[in-house]
Amino acid sequence: MEPTIEQLKAFYDLCVRVSKLLQIIGLTRYDMRSQRIVVLIGQTIQVEILSNREEIIQ
């Protein structure tokens, strides 16, 4: 299974927003079990992108 087009668009938008804040993206992973893109920003912020482009920030 691969990320949806909507997830990839959301991932791109997230990367642009993060770079404007001069933050480092430490890890990016596609979790095949939950079908989510997981992004670690800096050392503490985790963002999960769902298949419908919704973002969960922890």
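This chain uses plain numbering: 1 for the first residue, then up along the sequence. Quick caveat, the model's predicted, so the values are computed rather than measured. All heavy atoms count here, side chains included; hydrogens, waters and symmetry mates do not.
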> Is the backbone of S51 close enough, under 3.5 Å, to the side chain of T4 for a donor and an acceptor to pair up by distance?
Replying inline: yes
> Quick check: are there more than 12 heavy atoms from other residues, nucleotides or ligands sitting under 6.0 Å from CD of Q43?
Replying inline: no
> What residues, two or more places apart in sequence or in another chain, satisfy side-chain contact (heavy atoms from CB on, under 4.5 Å) together with L22?
Replying inline: none
>> Using the side-chain hydrogen bond (donor to acceptor under 3.5 Å, both in side chains) criterion, which residues pair with S34? Sequence neighbours excluded.
In response: D31
>> Once salt bridge (charged side-chain N to carboxylate O under 4.0 Å, His left out) is applied, do any residues pair with R17, and if so which ones, sequence neighbours excluded?
In response: E55
> Which residue pairs pass the salt bridge (Lys or Arg N to Asp or Glu O under 4.0 Å) test with at least one member in residues 35-49, sequence neighbours excluded?
Replying inline: R36-E48
> V18, V38: one ILVMFWY side-chain cluster at the under-4.5 Å cut-off?
Replying inline: no
> Once you round to the nearest 0.5 Å, how far does CD1 of I45 lie from CG of L40?
Replying inline: 9.0 Å
> Do V47 and I41 have side chains that get closer than 4.5 Å, going by heavy atoms?
Replying inline: yes
> Hey, mind stepping through K9 and R53 against side-chain contact (heavy atoms from CB on, under 4.5 Å) and telling me if it holds?
Replying inline: CA-CA 8 Å; K9 288 179 182 178; R53 199 173 176 161; 3.7 Å; yes
>> Running the 4.5 Å side-chain criterion over Ile, Leu, Val, Met, Phe, Trp and Tyr, what cluster does L21 land in, apart from itself?
In response: none
> Can you get from V39 to M32 by hopping between Ile, Leu, Val, Met, Phe, Trp and Tyr side chains that sit under 4.5 Å apart?
Replying inline: yes
> By the rule that ILVMFWY residues connect when side-chain heavy atoms come within less than 4.5 angstrom, directly or transitively, which residues belong alongside Y12?
Replying inline: V16
>> Taking transitive links into account, so neighbours of neighbours count too, which hydrophobic residues share a cluster with I56 at under 4.5 Å side-chain distance?
In response: L50
>> Within the supplied structure, the quantity of interest is the number of heavy atoms (other residues, nucleotides, ligands) at a distance under 6.0 Å from L27 CG; does it exceed 12?
In response: yes
> Residues two or more places apart in sequence or in another chain: which of them pass side-chain contact (heavy atoms from CB on, under 4.5 Å) with M1?
Replying inline: Y30, Q35
> Can you find a pair of side-chain heavy atoms, one from I49 and one from L14, that are under 4.5 Å apart?
Replying inline: yes
